[in-house]
Amino acid sequence: MTQTQPLWLRCETKPAEHRSALTPTTARKLIDAGFAITVERDPQRIFDDAEFEAYAPKDFPIIGLKELDTPGPDLCHTHIQFAHCYKHQEGWVDVLARFKRGGGKLYDLEFLEDANGRRVAAFGWHAGFAGAALGLIGLAEQLEGRQLGKQTAYPNEDELLKVTRSAVETIRKHRPDNQVKSLVIGALGRCGRGAIDCLEKSGCRPEEILRWDIQETSAKSGPYQEILDADLFVNCIYLSKKIPSFVDRAFLEKAGKDRRLGMIVDVSCDTTNPNNPLPVYSINTTFDAPTVAVELPEGLPKLEVISIDHLPTLLPREASEQFSHDLLPSLLQLPYVTGAAGSEALQHVNEEGKGAVWTRAEALFRKHLAEAEANGA
Ligand SMILES: NC(=O)c1ccc[n+]([C@@H]2O[C@H](COP(=O)([O-])OP(=O)(O)OC[C@H]3O[C@@H](n4cnc5c(N)ncnc54)[C@H](O)[C@@H]3O)[C@@H](O)[C@H]2O)c1
């Protein structure tokens, strides 16, 4: 790189969001590669401000993680972030309209893909890991007659595992067969693999963990008795179409007291999706109030759901390090951008066959922008 490539790391405004798209180590590597990194002060970030180099002018691309506050100003910068507006989520037209009015550009991290259509960086593994961890801790609390209280980020995985290992022991105590049975659906995906790793590291024996993916759920139709026979069910599927419910209220009522299941962790969190295969709850829970009870007739054993949509922030240090590390090769190919245009430089990069990941992301942005315009943006 002959010119200095600027990049601005913004602060996260979502409550309890401790993660960071850039870390001191990846920022250092970018600086070494010729980037000028500016880091906004962020009291929530797991990394102290002092751990970063800092300063950022107007034509800097801005990198962050979660959605910006709405309503908000028109967006004139190039933003690299999860914007949650490409799947017709609530307010999607308004978000894209802000880019249109400001002349800015969005590179959505959820859709940053390599030539084979694989995401270059994702938080899924840590989402599954954190979800399974909270499921174990929450179930232990429930069996002890308590409700899982406010959760805060752990400084590292080892500290979390100390708590989950003790939770597994507590659950065993409450089970006459001394087993902690779990079922993970979507077991072959990023979240599913993270959930299974957490269960194993927490002391669940491999034979206690049932691992299902598409092969098992397509072999027979839901709802599934196997879910009711597990202590903990962790849903990690990528929902792309209408499928039979995994479990529903009628199925739970029919089973009556004959149910082992006490905790559902819906990592997939398709809570408001009409095709949600878990139509037994209707809200996203939070780190402040992590569980919601499934409403069931009196006398039935308790069943709770954890449906937090930013689970990886329970382990902000490792989650950020892994994500930022995976994003780094693409960032090193970020086209040099001047203002909101930068097309000349982009052209140059593309001729060299680099930066295709950003070209695809921009094409996707233009497609969704056009769709938003057709919907009044
Ligand atoms: N709650 C959170 O904090 C959080 C964080 C990251 C991702 N997520 C969500 O988790 C979900 C999974 O993400 P991922 O990155 O693990 O996806 P992925 O594509 O890596 O894995 C999804 C897995 O689900 C399987 N699957 C799809 N449909 C299935 C079905 N009907 N039955 C059984 N298995 C099925 C797939 O075969 C695949 O193995 C996504 O919806 C994602 O948005 C949530």
Side-chain angles (χ1 to χ4, degrees), residues 12 14-19 21 65-67 81-89 108-114 116-135 138 151 153 183-198 210-224 226-227 233-247 264-273 275-279 281 283-287 290-292 305-316 318-320 322-323 326:
E12 299 292 330
K14 189 165 179 130
E17 185 47 75
H18 305 285
R19 294 171 296 167
L65 285 178
K66 300 301 278 187
E67 61 273 17
Q81 65 171 88
F82 292 95
H84 302 296
C85 63
Y86 286 179
K87 291 194 267 185
H88 293 186
Q89 291 96 327
D108 197 306
L109 288 169
E110 189 178 346
F111 301 93
L112 223 50
E113 292 177 347
D114 66 16
N116 300 317
R118 267 193 302 265
R119 282 181 61 177
V120 301
F123 278 108
W125 189 90
H126 282 95
F129 195 98
L134 289 183
Q151 296 295 300
L183 169 59
V184 177
I185 305 192
L188 299 178
R190 283 176 286 256
C191 295
R193 281 181 277 123
I196 291 165
D197 282 359
C198 175
L210 202 54
R211 301 139 208 251
W212 279 15
D213 205 89
I214 202 89
Q215 202 181 335
E216 288 76 13
T217 57
S218 20
K220 58 180 178 180
S221 178
Y224 301 108
E226 287 83 347
I227 294 179
F233 166 45
V234 189
N235 177 36
C236 293
I237 71 159
Y238 187 90
L239 182 69
S240 53
K241 58 175 193 250
K242 175 112 191 109
I243 51 171
S245 293
F246 288 163
V247 66
I264 297 175
V265 183
D266 192 4
V267 176
S268 305
C269 262
D270 292 300
T271 317
T272 57
N273 188 318
N275 298 336
N276 180 12
L278 294 172
Y281 76 100
I283 58 155
N284 279 139
T285 62
T286 63
F287 282 103
T291 61
V292 57
V305 179
I306 294 172
S307 53
I308 298 173
D309 68 2
H310 58 134
L311 283 165
T313 200
L314 193 69
L315 281 177
E318 287 93 343
S320 304
Q322 179 248 302
F323 182 84
D326 292 348

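Counting starts at 1 for both ligands and their atoms, following the listed order. Position 1 is the first residue of the sequence; numbering continues from there.
To the nearest 0.5 angstrom, Q81 atom CD is 8.0 Å from E67 atom CD. In this structure, H310 NE2 and L65 CG are separated by 12.0 Å, a value rounded to the nearest 0.5 Å.
Residue-ligand proximity: I308 is placed with a non-hydrogen atom under 4.0 Å from ligand 1. Heavy-atom distances between A122 and ligand 1 stay at or above 4.0 Å for every pair.
Across T217, I237, V267, heavy-atom proximity to atom 11 (C) of ligand 1 is greatest for I237. Closest heavy-atom approach to atom 21 (O) of ligand 1 among the candidates G186, G189, P277: G189. One option in I214, L239, L314, D213 has a heavy atom closer to atom 36 (C) of ligand 1 than any other, and that option is D213. For atom 31 (N) of ligand 1, the choice among T313, I243, I185, L188 with the nearest heavy atom turns out to be I243.
Among L314, V267, T285, the single residue meeting the side-chain contact (heavy atoms from CB on, under 4.5 Å) criterion with I308 is T285.
Ligand 1 has no nitrogen or oxygen under 3.5 angstrom from a nitrogen or oxygen of W212. In terms of polar-atom proximity, defined here as any N/O pair under 3.5 Å, F246 makes no such contact with ligand 1. In terms of N/O distances under 3.5 Å, ligand 1 is not approached by A127. The distance criterion of under 3.5 Å between nitrogen or oxygen atoms is not met by D270 with respect to ligand 1.
A tilted orientation is assigned to the rings of Y224 and F246, their planes being inclined by 30° to 60°.
The backbone and the side chain of C191 each have at least one atom closer than 4.0 Å to an atom of ligand 1 (non-hydrogen atoms only).
Figure legend: R19 and F323 shown without cation-pi pairing, the cationic atom not lying both under 6.0 angstrom from the six-membered ring centre and within 45 degrees of its axis.
Between the side chains of D266 and N235, at least one donor-acceptor pair of N or O atoms lies under 3.5 Å.
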